[in-house]
Amino acid sequence: GEENTIEAYRVTVTPKSTDELLQVKAELKKSALPYEVQKKEDPMVLTVDSTDQLQLQSLVTKLKSYQIEATLSPYSEEK
């Protein structure tokens, strides 16, 4: 059957410096999660979308251990 909405989650990360940005990108590379950099935003914002809430939650926890601001929220994508 056709699913109209996909249960997904979004992590929003706001690195405060270039060092933090590099740290975030390194973690994302390790986790192999797809992410987008919202270049228009200032300060810079990265968003990471996934249906795997546990993986995103562990990413948030990891980033917070580096004192990097990250928030996890439900995200419904219309298909």
Side-chain angles (χ1 to χ4, degrees):
E2 280 191 44
E3 288 293 311
N4 293 333
T5 56
I6 292 168
E7 259 317 302
Y9 299 89
R10 165 169 286 181
V11 170
T12 306
V13 191
T14 46
K16 296 180 189 68
S17 65
T18 310
D19 287 347
E20 286 193 6
L21 176 63
L22 292 173
Q23 186 74 63
V24 172
K25 284 187 169 178
E27 284 304 322
L28 288 168
K29 205 170 197 175
K30 274 188 257 180
S31 65
L33 286 163
Y35 68 93
E36 275 180 45
V37 179
Q38 313 294 335
K39 288 188 168 65
K40 296 183 294 294
E41 300 291 327
D42 188 44
M44 193 183 295
V45 175
L46 276 82
T47 55
V48 189
D49 296 346
S50 175
T51 52
D52 188 341
Q53 187 183 6
L54 289 174
Q55 190 180 21
L56 289 178
Q57 187 60 62
S58 73
L59 174 68
V60 169
T61 305
K62 177 73 66 76
L63 293 175
K64 284 189 171 167
S65 73
Y66 298 125
Q67 315 295 304
I68 296 171
E69 206 46 51
T71 51
L72 174 60
S73 53
Y75 174 69
S76 299
E77 192 176 340
E78 299 292 325
K79 278 278 178 255

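Of the candidates Val11, Thr12, Leu56, Asp49, Tyr75 forms a side chain to side chain contact (heavy atoms under 4.5 Å, CB included) with just one, namely Asp49. Only one option out of Thr71, Leu21, Leu63, Leu28 pairs with Val13 in a side chain to side chain contact (heavy atoms under 4.5 Å, CB included); it is Leu63.
In this structure, a donor-acceptor pair under 3.5 Å is present between the side chains of Gln38 and Thr47. Counting only N and O atoms by type, the side chains of Tyr66 and Glu27 include a donor and acceptor under 3.5 Å apart.
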Evaluate the side-chain contact (heavy atoms from CB on, under 4.5 Å) criterion for residues Thr14 and Met44: first the C-alpha distance (whole Å), next the side-chain angles of each, then the deciding distance (0.1 Å), finally the verdict.
-> CA-CA 6 Å; Thr14 46; Met44 193 183 295; over 6 Å; no
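In this structure, CD in Gln23 is found 11.5 Å from CD in Gln67, a value given to the nearest 0.5 Å. Taking CG of Leu72 as the reference point, atom OG of Ser50 lies at 9.5 Å (rounded to 0.5 Å). Taking CG of Leu46 as the start and OH of Tyr35 as the end, the distance is 6.5 Å to the nearest 0.5 Å. The CD atom of Glu69 sits 9.0 Å away from the CD atom of Glu20 when rounded to the nearest 0.5 Å. The CG atom of Asp52 sits 11.0 Å away from the CD atom of Gln57 when rounded to the nearest 0.5 Å.
Nearest approach of Leu33 to Gln55, heavy atoms of both residues: CD2-OE1, 3.3 Å.
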